[in-house]
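Both ligands and their constituent atoms are indexed starting at 1 by order of listing.
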Amino acid sequence: MSKRDFLSTADLGRSELDDLLDLAARAKGKRPGQVLGGKTLGLLFFQPSLRTRVSFEVAMVQLGGHCINLSSDDLYELEPRDQAVMDGPAEEHVKDAARTLSRYVDALGIRSAQRAGSWDRERQELLLRSYAKYASVPVINLETSFEHPCQALADVMTMRENLVTLKGRRLTLLWCNHPEPKSLGPTHSILQMAALMGMNVTLAHPLGFEVDQDVLDRSKKLAQDAGGSVQVQNDMDTAARGAEVLYARSWGCTKYWEDAEREAMVKRSLQGWRVDEKLMATTDNALLMHPLPVRRNVVATDAVLDGPRSVIYDQAANRTHVQKALLMQLLK
Ligand code: CP
(Lines give C-alpha, C1' and ligand atoms only; values in the text may rest on other atoms or scores of the structure.)
Protein backbone atom coordinates (compact mmCIF):
# COMPACT_ATOMS: atom_id res chain seq x y z
CA MET A 1 0.00 0.00 0.00
CA SER A 2 1.40 3.41 -0.91
CA LYS A 3 2.02 5.90 1.88
CA ARG A 4 -0.17 8.94 2.29
CA ASP A 5 1.25 12.45 2.80
CA PHE A 6 -0.39 15.62 4.11
CA LEU A 7 1.31 18.41 2.21
CA SER A 8 -1.56 20.67 1.23
CA THR A 9 -5.20 21.48 1.90
CA ALA A 10 -5.75 19.98 -1.56
CA ASP A 11 -4.95 16.56 -0.05
CA LEU A 12 -8.36 16.56 1.68
CA GLY A 13 -11.75 16.42 0.00
CA ARG A 14 -14.79 17.72 1.83
CA SER A 15 -15.93 14.40 3.28
CA GLU A 16 -12.39 13.53 4.41
CA LEU A 17 -12.11 16.94 6.05
CA ASP A 18 -15.42 16.43 7.87
CA ASP A 19 -14.30 12.97 9.04
CA LEU A 20 -11.00 14.35 10.29
CA LEU A 21 -12.67 17.23 12.15
CA ASP A 22 -15.18 14.84 13.73
CA LEU A 23 -12.33 12.58 14.83
CA ALA A 24 -10.47 15.62 16.24
CA ALA A 25 -13.57 16.67 18.21
CA ARG A 26 -13.86 13.14 19.67
CA ALA A 27 -10.13 13.10 20.45
CA LYS A 28 -10.52 16.43 22.25
CA GLY A 29 -13.44 15.18 24.33
CA LYS A 30 -11.89 11.83 25.24
CA ARG A 31 -8.30 10.76 24.71
CA PRO A 32 -8.14 7.95 22.17
CA GLY A 33 -5.62 5.91 24.20
CA GLN A 34 -2.28 4.47 23.18
CA VAL A 35 -3.27 3.82 19.56
CA LEU A 36 0.16 4.84 18.23
CA GLY A 37 2.16 2.97 20.88
CA GLY A 38 5.72 2.38 19.68
CA LYS A 39 5.44 4.83 16.76
CA THR A 40 7.92 7.65 16.22
CA LEU A 41 7.34 10.95 14.44
CA GLY A 42 10.43 12.80 13.19
CA LEU A 43 10.04 16.59 13.17
CA LEU A 44 12.47 18.65 11.08
CA PHE A 45 12.37 22.39 11.73
CA PHE A 46 14.29 24.60 9.36
CA GLN A 47 12.56 27.61 10.97
CA PRO A 48 11.57 28.44 14.59
CA SER A 49 8.32 27.12 16.05
CA LEU A 50 6.50 27.10 19.36
CA ARG A 51 2.98 25.83 18.65
CA THR A 52 3.67 23.36 15.84
CA ARG A 53 6.52 21.68 17.63
CA VAL A 54 4.86 21.43 21.05
CA SER A 55 1.41 20.46 19.76
CA PHE A 56 2.82 17.62 17.63
CA GLU A 57 4.91 16.37 20.55
CA VAL A 58 1.91 16.46 22.88
CA ALA A 59 -0.30 14.78 20.26
CA MET A 60 2.15 11.90 19.86
CA VAL A 61 2.57 11.49 23.63
CA GLN A 62 -1.22 11.41 24.12
CA LEU A 63 -1.42 8.67 21.46
CA GLY A 64 1.32 6.60 23.07
CA GLY A 65 4.07 7.43 20.57
CA HIS A 66 6.90 9.92 20.68
CA CYS A 67 8.76 12.50 18.60
CA ILE A 68 12.33 13.15 17.61
CA ASN A 69 13.04 16.82 16.91
CA LEU A 70 15.79 18.07 14.64
CA SER A 71 16.55 21.66 13.68
CA SER A 72 18.72 22.98 10.87
CA ASP A 73 21.62 23.14 13.36
CA ASP A 74 21.42 19.34 13.69
CA LEU A 75 21.27 18.60 9.98
CA TYR A 76 23.70 18.76 7.13
CA GLU A 77 22.99 21.38 4.56
CA LEU A 78 20.64 19.69 2.11
CA GLU A 79 20.37 19.65 -1.68
CA PRO A 80 16.76 19.24 -2.85
CA ARG A 81 17.29 19.36 -6.65
CA ASP A 82 17.37 16.12 -8.61
CA GLN A 83 20.61 15.32 -10.44
CA ALA A 84 22.40 18.27 -8.82
CA VAL A 85 26.20 18.28 -9.00
CA MET A 86 26.85 18.70 -5.29
CA ASP A 87 30.00 20.80 -5.39
CA GLY A 88 28.40 23.67 -3.40
CA PRO A 89 27.75 23.99 0.35
CA ALA A 90 25.15 21.16 0.53
CA GLU A 91 26.68 18.09 2.19
CA GLU A 92 23.75 15.68 1.79
CA HIS A 93 21.00 15.16 -0.77
CA VAL A 94 17.40 15.14 0.48
CA LYS A 95 17.07 11.77 -1.28
CA ASP A 96 19.57 10.21 1.12
CA ALA A 97 18.31 12.03 4.22
CA ALA A 98 14.67 11.10 3.47
CA ARG A 99 15.45 7.45 2.68
CA THR A 100 17.61 7.12 5.79
CA LEU A 101 15.08 8.79 8.11
CA SER A 102 12.37 6.50 6.70
CA ARG A 103 14.32 3.56 8.14
CA TYR A 104 14.09 5.10 11.64
CA VAL A 105 10.73 6.86 11.98
CA ASP A 106 7.10 6.14 11.06
CA ALA A 107 6.29 9.64 9.74
CA LEU A 108 8.10 12.89 9.07
CA GLY A 109 7.01 16.49 9.59
CA ILE A 110 8.86 19.29 7.84
CA ARG A 111 8.81 23.06 8.34
CA SER A 112 10.64 24.98 5.66
CA ALA A 113 9.01 28.42 5.47
CA GLN A 114 11.95 30.46 4.31
CA ARG A 115 12.89 32.75 1.47
CA ALA A 116 14.88 30.77 -1.04
CA GLY A 117 14.93 32.88 -4.20
CA SER A 118 12.02 34.17 -6.24
CA TRP A 119 8.35 33.51 -5.49
CA ASP A 120 8.24 31.23 -8.54
CA ARG A 121 10.85 29.08 -6.88
CA GLU A 122 9.46 29.42 -3.35
CA ARG A 123 5.97 28.31 -4.36
CA GLN A 124 7.40 24.98 -5.56
CA GLU A 125 8.11 23.95 -1.91
CA LEU A 126 11.24 22.18 -3.13
CA LEU A 127 12.49 20.85 0.19
CA LEU A 128 9.09 19.57 1.37
CA ARG A 129 8.21 18.04 -2.00
CA SER A 130 11.62 16.43 -2.29
CA TYR A 131 11.23 14.82 1.15
CA ALA A 132 7.77 13.61 0.18
CA LYS A 133 9.11 12.13 -3.05
CA TYR A 134 11.92 10.16 -1.44
CA ALA A 135 10.58 9.26 2.02
CA SER A 136 8.81 5.91 2.21
CA VAL A 137 6.84 7.10 5.29
CA PRO A 138 4.08 9.77 5.38
CA VAL A 139 5.32 13.36 5.21
CA ILE A 140 3.41 16.20 6.87
CA ASN A 141 3.75 19.87 5.93
CA LEU A 142 4.51 21.83 9.11
CA GLU A 143 4.47 25.10 7.11
CA THR A 144 6.08 26.29 3.96
CA SER A 145 5.79 29.81 2.56
CA PHE A 146 3.00 28.41 0.37
CA GLU A 147 0.83 26.38 2.77
CA HIS A 148 0.25 25.66 6.45
CA PRO A 149 -2.50 23.03 6.28
CA CYS A 150 -2.25 21.88 9.92
CA GLN A 151 -2.96 25.43 11.06
CA ALA A 152 -5.99 25.61 8.77
CA LEU A 153 -7.37 22.37 10.26
CA ALA A 154 -7.19 23.91 13.74
CA ASP A 155 -8.72 27.15 12.45
CA VAL A 156 -11.69 25.36 10.90
CA MET A 157 -12.17 23.27 14.05
CA THR A 158 -12.21 26.48 16.12
CA MET A 159 -14.75 28.14 13.82
CA ARG A 160 -16.98 25.04 13.91
CA GLU A 161 -16.88 25.03 17.72
CA ASN A 162 -18.10 28.62 17.79
CA LEU A 163 -20.40 28.88 14.76
CA VAL A 164 -21.51 25.21 14.41
CA THR A 165 -22.19 25.45 10.66
CA LEU A 166 -19.75 27.30 8.42
CA LYS A 167 -21.59 27.31 5.10
CA GLY A 168 -22.59 30.87 4.20
CA ARG A 169 -20.75 32.42 7.17
CA ARG A 170 -18.83 35.61 6.47
CA LEU A 171 -15.07 35.26 7.03
CA THR A 172 -12.74 38.19 6.37
CA LEU A 173 -9.06 37.30 5.94
CA LEU A 174 -7.39 40.60 6.69
CA TRP A 175 -3.82 41.47 5.74
CA CYS A 176 -2.12 43.36 8.57
CA ASN A 177 1.07 45.35 8.62
CA HIS A 178 4.16 43.70 10.10
CA PRO A 179 7.80 44.77 10.14
CA GLU A 180 8.97 41.45 8.66
CA PRO A 181 7.99 39.73 5.41
CA LYS A 182 5.81 36.79 6.44
CA SER A 183 4.91 33.44 4.90
CA LEU A 184 1.74 33.17 2.82
CA GLY A 185 1.22 29.64 4.14
CA PRO A 186 -1.45 30.25 6.82
CA THR A 187 -3.45 32.57 4.54
CA HIS A 188 -3.35 30.26 1.53
CA SER A 189 -4.41 27.27 3.63
CA ILE A 190 -7.30 28.86 5.53
CA LEU A 191 -8.51 30.56 2.35
CA GLN A 192 -8.79 27.22 0.57
CA MET A 193 -10.20 25.30 3.53
CA ALA A 194 -12.82 27.95 4.29
CA ALA A 195 -13.81 27.91 0.61
CA LEU A 196 -14.13 24.11 0.77
CA MET A 197 -16.51 24.58 3.73
CA GLY A 198 -18.73 26.90 1.65
CA MET A 199 -17.97 30.07 3.60
CA ASN A 200 -18.33 33.54 2.09
CA VAL A 201 -14.74 34.72 2.24
CA THR A 202 -13.50 38.25 1.77
CA LEU A 203 -9.76 38.40 1.21
CA ALA A 204 -8.67 41.91 2.19
CA HIS A 205 -5.26 43.38 1.43
CA PRO A 206 -3.67 46.52 0.06
CA LEU A 207 -2.73 46.58 -3.61
CA GLY A 208 0.58 44.78 -4.10
CA PHE A 209 -0.12 42.07 -1.50
CA GLU A 210 -2.09 39.74 -3.76
CA VAL A 211 -1.99 36.06 -2.85
CA ASP A 212 -0.81 33.44 -5.32
CA GLN A 213 -3.11 33.52 -8.35
CA ASP A 214 -3.47 29.71 -8.57
CA VAL A 215 -4.52 29.57 -4.92
CA LEU A 216 -7.06 32.34 -5.43
CA ASP A 217 -8.50 30.68 -8.55
CA ARG A 218 -8.72 27.31 -6.79
CA SER A 219 -10.41 28.91 -3.77
CA LYS A 220 -13.03 30.62 -5.92
CA LYS A 221 -13.82 27.33 -7.63
CA LEU A 222 -14.02 25.43 -4.32
CA ALA A 223 -16.32 28.07 -2.82
CA GLN A 224 -18.57 28.10 -5.87
CA ASP A 225 -18.90 24.30 -5.77
CA ALA A 226 -19.70 24.42 -2.03
CA GLY A 227 -22.28 27.21 -2.26
CA GLY A 228 -20.02 29.96 -0.90
CA SER A 229 -17.91 32.70 -2.44
CA VAL A 230 -14.47 34.30 -2.43
CA GLN A 231 -14.04 37.98 -3.19
CA VAL A 232 -11.04 40.30 -2.98
CA GLN A 233 -11.34 43.71 -1.33
CA ASN A 234 -8.64 46.39 -1.15
CA ASP A 235 -10.41 48.56 1.43
CA MET A 236 -9.97 47.39 5.02
CA ASP A 237 -13.09 49.05 6.45
CA THR A 238 -15.36 47.69 3.75
CA ALA A 239 -13.90 44.22 4.21
CA ALA A 240 -14.43 44.15 7.97
CA ARG A 241 -18.02 45.43 7.91
CA GLY A 242 -20.48 42.69 8.82
CA ALA A 243 -17.82 39.95 9.17
CA GLU A 244 -18.67 37.05 11.49
CA VAL A 245 -15.01 36.01 11.69
CA LEU A 246 -12.10 38.42 11.34
CA TYR A 247 -8.86 36.55 10.70
CA ALA A 248 -5.83 38.82 11.00
CA ARG A 249 -2.53 37.87 9.48
CA SER A 250 0.34 39.50 7.63
CA TRP A 251 1.90 38.03 4.51
CA GLY A 252 4.73 38.98 2.23
CA CYS A 253 4.68 40.61 -1.17
CA THR A 254 5.32 37.94 -3.81
CA LYS A 255 6.44 40.54 -6.34
CA TYR A 256 9.33 41.64 -4.09
CA TRP A 257 9.93 38.21 -2.56
CA GLU A 258 13.69 38.57 -3.00
CA ASP A 259 13.77 42.20 -1.85
CA ALA A 260 12.73 42.60 1.81
CA GLU A 261 13.87 46.26 1.85
CA ARG A 262 11.57 47.13 -1.03
CA GLU A 263 8.67 45.40 0.74
CA ALA A 264 9.45 47.35 3.92
CA MET A 265 9.33 50.60 1.93
CA VAL A 266 5.94 49.71 0.45
CA LYS A 267 4.60 48.91 3.94
CA ARG A 268 5.55 52.30 5.42
CA SER A 269 2.26 53.81 4.30
CA LEU A 270 0.20 50.78 5.40
CA GLN A 271 0.43 51.02 9.18
CA GLY A 272 -3.33 51.60 9.42
CA TRP A 273 -3.84 47.97 8.36
CA ARG A 274 -4.24 46.56 11.89
CA VAL A 275 -7.12 45.32 14.01
CA ASP A 276 -8.39 47.49 16.86
CA GLU A 277 -11.63 47.91 18.79
CA LYS A 278 -12.93 50.46 16.29
CA LEU A 279 -12.58 48.01 13.43
CA MET A 280 -14.04 45.13 15.48
CA ALA A 281 -17.09 47.29 16.28
CA THR A 282 -17.98 47.41 12.58
CA THR A 283 -18.16 43.61 12.33
CA ASP A 284 -21.11 41.37 13.17
CA ASN A 285 -19.66 40.64 16.65
CA ALA A 286 -16.89 38.75 14.85
CA LEU A 287 -14.62 36.16 16.33
CA LEU A 288 -11.04 37.40 16.20
CA MET A 289 -8.56 34.85 14.89
CA HIS A 290 -4.80 34.85 14.37
CA PRO A 291 -2.50 31.81 14.01
CA LEU A 292 0.22 33.29 16.30
CA PRO A 293 2.88 34.43 16.91
CA VAL A 294 1.43 37.94 16.76
CA ARG A 295 3.10 41.35 17.02
CA ARG A 296 0.93 43.01 19.66
CA ASN A 297 -0.14 46.58 18.97
CA VAL A 298 1.22 46.33 15.44
CA VAL A 299 -0.92 43.60 13.85
CA ALA A 300 -3.71 43.85 16.46
CA THR A 301 -4.14 45.76 19.70
CA ASP A 302 -3.96 44.23 23.16
CA ALA A 303 -7.61 45.17 23.66
CA VAL A 304 -8.83 42.94 20.83
CA LEU A 305 -6.31 40.12 21.27
CA ASP A 306 -7.27 39.88 24.95
CA GLY A 307 -10.91 40.74 24.30
CA PRO A 308 -14.02 38.56 24.65
CA ARG A 309 -14.24 37.61 20.95
CA SER A 310 -10.62 36.51 20.64
CA VAL A 311 -10.16 32.76 20.05
CA ILE A 312 -6.42 32.84 19.39
CA TYR A 313 -5.54 30.38 22.15
CA ASP A 314 -8.35 28.02 21.14
CA GLN A 315 -6.80 27.91 17.65
CA ALA A 316 -3.44 27.05 19.22
CA ALA A 317 -4.98 24.44 21.54
CA ASN A 318 -6.87 22.79 18.69
CA ARG A 319 -3.60 22.15 16.87
CA THR A 320 -3.04 19.22 19.25
CA HIS A 321 -6.45 17.68 18.54
CA VAL A 322 -6.49 18.02 14.74
CA GLN A 323 -2.98 16.64 14.62
CA LYS A 324 -3.95 13.64 16.77
CA ALA A 325 -6.70 12.95 14.24
CA LEU A 326 -4.31 13.42 11.33
CA LEU A 327 -1.66 11.15 12.84
CA MET A 328 -4.25 8.46 13.55
CA GLN A 329 -5.42 8.62 9.94
CA LEU A 330 -1.93 8.61 8.42
CA LEU A 331 -0.41 5.98 10.71
CA LYS A 332 -3.25 3.57 11.46
N1 CP B 1 0.98 29.01 14.17
C2 CP B 1 2.15 28.35 14.20
O3 CP B 1 2.44 27.53 13.34
O4 CP B 1 2.95 28.67 15.26
P5 CP B 1 4.49 28.29 15.39
O6 CP B 1 5.23 29.07 14.32
O7 CP B 1 4.89 28.71 16.78
O8 CP B 1 4.65 26.82 15.17
Side-chain angles (χ1 to χ4, degrees), residues 6-9 11 20-21 24 28 41-62 67-74 107-116 122 125 127-128 131 139-159 161 171 173-176 178-194 211 245-252 275 287-296 298-300 305 310-327:
F6 184 57
L7 307 181
S8 162
T9 49
D11 291 333
L20 195 147
L21 292 169
K28 184 174 182 175
L41 171 65
L43 297 174
L44 309 188
F45 283 97
F46 296 92
Q47 289 289 299
S49 167
L50 187 151
R51 282 143 288 270
T52 304
R53 177 175 170 167
V54 176
S55 58
F56 264 106
E57 288 216 28
V58 170
M60 277 304 275
V61 167
Q62 289 187 7
C67 288
I68 290 174
N69 262 288
L70 296 172
S71 72
S72 42
D73 288 345
D74 304 311
L108 274 169
I110 298 173
R111 166 167 291 195
S112 63
Q114 59 201 15
R115 297 200 165 206
E122 187 79 33
E125 304 175 296
L127 189 69
L128 174 77
Y131 261 105
V139 172
I140 302 169
N141 181 353
L142 306 183
E143 188 181 2
T144 64
S145 297
F146 197 68
E147 278 232 40
H148 195 355
C150 293
Q151 180 65 52
L153 289 174
D155 297 339
V156 171
M157 180 173 183
T158 306
M159 286 192 283
E161 286 174 340
L171 164 67
L173 298 178
L174 183 73
W175 183 91
C176 292
H178 192 290
E180 302 294 329
K182 300 292 287 179
S183 151
L184 282 89
T187 307
H188 279 172
S189 292
I190 187 58
L191 172 61
Q192 293 173 91
M193 217 173 265
V211 300
V245 182
L246 193 62
Y247 194 117
R249 165 75 188 174
S250 188
W251 60 86
V275 183
L287 297 171
L288 176 70
M289 301 183 75
H290 188 287
L292 301 178
V294 64
R295 294 267 187 149
R296 282 178 172 259
V298 175
V299 168
L305 289 167
S310 171
V311 291
I312 57 177
Y313 306 122
D314 296 327
Q315 290 171 260
N318 282 335
R319 292 288 301 274
T320 302
H321 307 299
V322 293
Q323 289 157 194
K324 274 188 290 190
L326 180 68
L327 290 163

*Main-chain N/O of Phe146 paired to His188 side chain as donor or acceptor, under 3.5 Å*: yes
_Determine whether a donor-acceptor pair (N or O, by modelled atom type, separation under 3.5 Å) exists between the side chain of Asp11 and the backbone of Ser8._
yes
*Salt bridge present between Lys28 and Glu161 (N-O < 4.0 angstrom)*: yes
*asked:* Yes or no: does Arg111 have any heavy atom under 4.0 Å from an atom of ligand 1?
replied: yes
*Just jot down the ligand 1 atoms closer than 4.0 angstrom to any heavy atom of Arg319, in number order.*
1 (N), 2 (C), 3 (O)
*Keeping the roles fixed (side chain from Ser250, backbone from Cys176), state whether a donor-acceptor pair exists under 3.5 Å.*
yes
_Enumerated ligand 1 atoms positioned under 4.0 Å from heavy atoms of Pro291_ = 1 (N)
*Which residue holds the protein heavy atom closest to atom 4 (O) of ligand 1, what is that atom called, and what is the gap in Å?*
Arg51 NE, 2.9 Å
*Between Pro293 and ligand 1, does any nitrogen or oxygen pair lie at a separation below 3.5 Å?*
no
_Any N/O pair Leu292/ligand 1 closer than 3.5 Å_ = yes
*Per-atom contacts, ligand 1 versus Leu50 - under 4.0 Å to a heavy atom*: 5 (P), 7 (O), 8 (O)
*Glu143-ligand 1 polar pair, N/O distance under 3.5 Å*: no
*Does Gln315 come within less than 4.0 angstrom of ligand 1, counting non-hydrogen atoms of the residue?*
no
*Test item: Trp251 side-chain N/O and Trp175 main-chain N/O as donor-acceptor pair under 3.5 Å*: no
*Return yes if some donor-acceptor pair links the side-chain N/O of Ser183 with the main-chain N/O of Thr144 below 3.5 Å, else return no.*
yes
*Which ligand 1 atoms are under 4.0 Å away from a heavy-atom of His148?*
2 (C), 3 (O)
*Regarding Thr9 and Glu147, is there a side-chain donor-to-acceptor distance under 3.5 Å anywhere?*
yes
